[in-house]
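This report concerns only the one structure given below.
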Amino acid sequence: MSNTAQNLASTRISSLLDENSFVEIGGCITARSTDFNLKQTETPSDGVITGYGVIDGSLVYVYSQDASVLGGTIGEMHAKKIARIYDMALKMGAPVIGLIDCAGIRLQEATDALNALGEIYAKQVLASGIIPQITAVFGTCGGGLALVPALTDFTFMESKKAKLFVNSPNALDGNEISKCDTSSAKFQSESAGLVDFTGTEEEILAGIRELVTMLPANNEDDMSYEECTDDLNRVCADLANAAGDTAILLSNIADDQVFVETKADYAKEMVTGFLRLNGTTVGAVANRTEVYGEDGEKSAEFAPVLTAKGAKKAAKFVRFCDAFNIPVLTLTNTTGFKADMHSERTIAQAVAELTHTFADATVPKVNVIIGKAYGSAYVAMNSKAIGADLTYAWDDAEIGMMDAKLAAKIMYADADAATINDKAAEYAKLQSSVESAARRGYVDTIIKAEDTRKYVIGAFEMLFTKREDRPMKKHGTV
């Protein structure tokens with residue numbers, strides 16, 4: 001790093017990028033403002049190191065805020081350096097990675113700093129859907145700066161020292177930090193859902209590297225694949241036993257059993273993440289009813305229903321995949337919608353957003369029904385009706401309006417128990433069985449659970465050249 005002393009900000013860049021690959025840009029830039037004694041203050045690089053390098057051989061642009069220079073605060077030239085990195089990344093079609101450690105907007109520069117921060121927002125919006133944007137928070141990220149990670153595609157956060165907030169915990173009515181630390185990585189990942197990954201600084205930098213290797217460089221890049229050394233026809237024995245925890249299921253069917261889960265701590269009843277199938281990156285969305293830890297012990301259990309948080313989580317993920325031409329695989333196992341007063345406030349809008357996103361996406365879409373698929377919740381989960389290109393179903397799946405016995409009770413409300421049981425069996429055979437759905441064309445192929453990997457690989461290979469024209473419009477409004 002030619003003009004920057006070795007400090008924490010530069011060390012992070014060195015640890016993130018391939019060895020000796022970083023080239024600094026704007027290392028001689030300092031603060032332009034001289035108000036309030038800034039003229040007497042040394043501001044090397046104006047508190048942010050910017051440049052480019054490679055991760056696993058792929059070009060990326062990086063900025064890393066230096067908290068040792070005026071607390072890493074954002075001033076006019078500081079922000080202009082970041083904006084320039086975005087300009088270069090857009091021209092070259094490469095990801096931008098921001099490493100944040102900042103005390104906020106520089107008070108001495110006031111409106112100049114505010115305007116410059118707005119210019120960063122504008123560059124982020126311009127880059128959205130064109131190049132991947134990744135943010136990692138290592139120190140403070142508060143106030144208006146909290147919008148920066150919110151405008152990016154994926155956010156990492158150091159689990160102990162980092163703080164992320166719009167209003168500090170003590171500024172919230174009825175709260176103070178000992179009650180609920182709303183700025184913590186735990187709150188932002190589990191409750192707010194803003195943060196995708198948490199961990200130590202070393203884990204975060206390694207996680208960014210892994211994520212970057214999974215993603216295309218830009219929205220026109222078709223090189224987000226690598227040679228597959230795994231058996232394409234590998235039988236995944238006992239895969240049916242992983243139907244509850246679909247994160248494990250996705251790991252089992254992935255090349256070399258590698259699955260990168262996003263927002264793993266938020267809305268755990270919905271799994272989102274990336275895997276490779278025959279070397280190609282695929283985005284996965286899956287309903288989940290159980291969570292197992294690394295020790296094999298069950299840590300959580302959920303009803304097989306769609307929730308508002310889960311639907312929003314999935315919709316945001318699918319929008320990213322569609323923007324970057326990443327195929328989408330869904331694993332469906334849902335019987336309806338979560339039913340309580342809190343959920344009812346937002347569930348319709350959230351599921352409408354999910355439905356809109358799946359229907360609007362033009363990338364290859366494959367759905368595998370691994371359990372129950374009931375009612376309009378099933379329709380919203382990438383069903384054939386809203387655009388799935390291929391739908392597979394395990395041979396023990398159930399597809400229909402609702403549970404057969406409940407349907408019989410509604411249709412024959414005054415009948416005795418024997419009649420209801422008979423009608424339930426008839427309903428299950430005629431309306432809820434996987435064979436019935438396949439006869440109507442709603443399921444393309446009935447498969448055994450252990451054959452899931454080879455079928456979805458074959459499907460995405462067939463769909464590789466998919467092209468789909470849609471009516472011209474500026475954008476949807478949902």
Side-chain angles (χ1 to χ4, degrees), residues 189-193 239-251 259 261-273 284-293 296-318 329-355 357-358 367-383 385-386 391 393-394 396-410 424 427-428 431-434 437 449:
S189 61
E190 294 180 8
S191 299
L239 193 67
N241 293 332
D245 193 340
T246 43
I248 296 174
L249 192 160
L250 289 163
S251 296
F259 174 60
E261 186 175 358
T262 62
K263 297 192 189 302
D265 296 326
Y266 180 73
K268 293 183 178 181
E269 67 280 0
M270 183 70 79
V271 175
T272 58
V285 175
N287 303 123
R288 175 163 56 185
T289 57
E290 298 172 329
V291 180
Y292 286 88
E297 295 296 318
K298 186 190 295 186
S299 59
E301 191 168 0
F302 310 102
V305 294
L306 281 184
T307 65
K309 287 183 176 180
K312 284 185 170 292
K313 171 181 173 179
K316 184 178 188 299
F317 181 80
V318 174
L329 169 68
T330 49
L331 305 179
T332 299
N333 179 22
T334 181
T335 60
F337 306 115
K338 185 173 182 180
D340 60 32
M341 287 291 292
H342 178 72
S343 177
E344 197 63 20
R345 296 185 181 98
T346 55
I347 189 71
Q349 181 62 48
V351 177
E353 185 178 337
L354 178 63
T355 304
T357 303
F358 272 128
N367 186 22
V368 182
I369 300 171
I370 63 171
K372 296 179 179 180
Y374 288 164
S376 50
Y378 143 65
V379 175
M381 275 297 295
N382 191 31
S383 66
I386 62 171
T391 299
W394 287 0
D396 61 348
E398 299 177 24
I399 305 164
M401 180 63 71
M402 62 179 66
D403 177 76
K405 192 161 188 177
L406 180 58
K409 286 181 178 179
I410 294 172
Y427 189 91
Q431 295 290 345
S432 298
S433 69
V434 66

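Predicted, not measured: the structure shown is a model, and the values here were computed from it.
- Side-chain contact between Val285 and Met381 is present, with heavy atoms from C-beta onward closer than 4.5 Å.
- For the residue pair Thr391 / Asn367, no side-chain donor-acceptor distance below 3.5 Å is found, with atom types taken as modelled.
- Nearest heavy-atom pair, Ile399 versus Ala393, reported as atom, atom and distance to 0.1 Å: CD1-CB, 4.3 Å.
- Rounding to the nearest 0.5 angstrom, the gap separating the OH atom in Tyr266 from the CD atom in Glu190 is 12.0 Å.
- Tested against Thr307, the residues Glu269, Lys338, Lys313 include a single side-chain hydrogen bond (donor to acceptor under 3.5 Å, both in side chains) partner, Glu269.
- A distance of 9.0 Å separates CD in Glu290 from CD1 in Ile248, rounded to the nearest 0.5 Å.
- Taking every heavy atom of both residues into account, Phe358 and Ala380 meet most closely at CD1-O, 3.2 Å.
- Side-chain contact between Asn382 and Thr332 is absent, with no heavy-atom pair separated by less than 4.5 Å.
- Annotation: side chain of Ile370 is in contact with side chain of Thr246 (closest heavy-atom distance under 4.5 Å).
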Practice task
With side chain to side chain contact (heavy atoms under 4.5 Å, CB included) as the test, would you mind laying out the steps for Lys372 and Asn333 before giving the verdict?
Solution key: CA-CA 5 Å; Lys372 296 179 179 180; Asn333 179 22; 4.1 Å; yes
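- For the atom pair Thr335 OG1 and Tyr374 OH, the distance stands at 8.0 Å (nearest 0.5 Å).
- Taking CD1 of Ile369 as the start and OG1 of Thr334 as the end, the distance is 11.5 Å to the nearest 0.5 Å.
- The main-chain N or O of Thr262 is found under 3.5 Å from a side-chain atom of Thr272 such that the two form a donor-acceptor pair.
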Practice task
Could you check Thr346 against Lys309 for side chain to side chain contact (heavy atoms under 4.5 Å, CB included), going step by step and ending with a plain yes or no?
Solution key: CA-CA 9 Å; Thr346 55; Lys309 287 183 176 180; over 6 Å; no
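- Between the OG1 atom in Thr357 and the NZ atom in Lys312 there is a gap of 9.5 Å [rounded to 0.5 Å].
- The CG atom of Leu250 sits 4.5 Å away from the CZ atom of Phe259 when rounded to the nearest 0.5 Å.
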Handout entry: CA sep, side-chain torsions, deciding dist, call: Phe302, Asn287, side chain to side chain contact (heavy atoms under 4.5 Å, CB included)
Key = CA-CA 10 Å; Phe302 310 102; Asn287 303 123; over 6 Å; no
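- Taking each heavy atom of Ala350 and Ala308 in turn, the nearest pair found is CB-O, 3.5 Å.
- The shortest heavy-atom contact between Leu354 and Ala314 is CD1-CB, 3.7 Å.
- Put simply, the side chain of Val379 does not reach to within 4.5 Å of the side chain of Thr355, judged on heavy atoms.
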